[in-house]
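Remarks on the structure that follows.
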Amino acid sequence: MRIILSPAKQMKEDVDSLPWLETPLFLDKARRVLEALRALDYPALRTLWGCNESLARLNAARLAEMDLDRRLTPAILAYVGIQYKYMAPEVFTDTEFAYVREHLRILSGFYGLLRPFDGVRPYRLEMGAKLAVDGRKDLYHFWADAPARALAAECDCVVDLASREYSLAVSRHLPAGVRLVRCVFAVEKGDKLVEKATLCKMARGEMVRWMAQNRVERPEQLREFTGQGFCFSARHAGADRLVFVRRGG
């Protein structure tokens, strides 16, 4: 079983807390992504990133000096965002780190697919960005089935905790023999279920932590998760769709 998770837009460098242990699986392809980004001028980069002036200048400076072989941060510590805050890898035990090293995979527009202890540099690039690389019109076409093939080589079941933007990079390409189990977190509003982005991110991060604490090996075990006030709803779920409902907003 493998867990897929989205990255976060904001990243940090941390070369002291933990050593990186592995080289990203698709480092050569990441180098081509870097070349494509460096070929853009600053206005084009800012449009691609869709961010304010301060963030654009920060990330343009990162691009200019980026060396994918030096000053690397383990991916599990590199992302700064709500789901990573609620995962809280900074306080994982050795056993929990061992669990996520084996089971967790982070999807990335820049690196394709990352293991938790792959060494990375901070970047800004969403999977849905319209960046042409090697003649491919966008990152979905550039990465194609590479992340899905890597996952399929490791397991026969993928637990999907990624946002739709990132999940599509895998779900479209998984071979028939690999089960994909999607986790949905929704708030009950009358007779409707509504997915709220912030709550979903909080729940996804906390679920990864809970899985590591409980050494979860089968998706059926996830029905016991109750983080952030969510409870499994058999009424709304399906065989490969686990729905967790929170009542009262």
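At least one donor-acceptor pair closer than 3.5 Å links the side chain of Q221 to the backbone N or O of E217.
Sorted by first then second residue, the side-chain hydrogen bond (donor to acceptor under 3.5 Å, both in side chains) pairs that include residues 202-212, not counting sequence neighbours, are E206-Q228.
Residues V159 and M1 are in side-chain contact: their nearest non-hydrogen atoms beyond the backbone lie under 4.5 Å apart. Taking 4.5 Å as the limit, every side-chain heavy atom of W20 sits out of range of all side-chain heavy atoms of V120. Using a 4.5 Å heavy-atom threshold, the side chains of L5 and Q83 count as touching.
Both the sub-6.0 Å distance and the 45° axial angle are satisfied by K29 relative to the ring of F142. Cation-pi contact between R172 and Y140: present, with separation from the ring centre below 6.0 Å and deviation from the ring axis of at most 45°. Seen from the ring of Y42, R57 counts as a face-on cation partner, given the 6.0 Å and 45° thresholds.
The side chain to side chain contact (heavy atoms under 4.5 Å, CB included) test applied to K12 returns V80, E90, not counting sequence neighbours. By the side-chain hydrogen bond (donor to acceptor under 3.5 Å, both in side chains) test, Y111 pairs with no residue at all, sequence neighbours left out.
What you find for P219 and C157 is that their closest heavy atoms are CG-SG, 3.8 Å.
Counting only N and O atoms by type, the side chains of D160 and S167 include a donor and acceptor under 3.5 Å apart. At a cut-off of 3.5 Å, with distance as the only test, a side-chain donor of S108 or Y123 sits close to an acceptor on the other residue.
Ion pairing between D240 and R179 holds under the 4.0 Å rule for side-chain N and carboxylate O. Contact check on D69 versus R31 returns a salt bridge, with a Lys/Arg side-chain nitrogen under 4.0 Å from an Asp/Glu carboxylate oxygen.
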Assess whether side-chain contact (heavy atoms from CB on, under 4.5 Å) is satisfied between L113 and V170, documenting all intermediate values.
CA-CA 10 Å; L113 186 74; V170 169; 5.6 Å; no
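Under the 4.5 Å side-chain heavy-atom criterion for Ile, Leu, Val, Met, Phe, Trp and Tyr, I4 and F26 are members of the same hydrophobic cluster.
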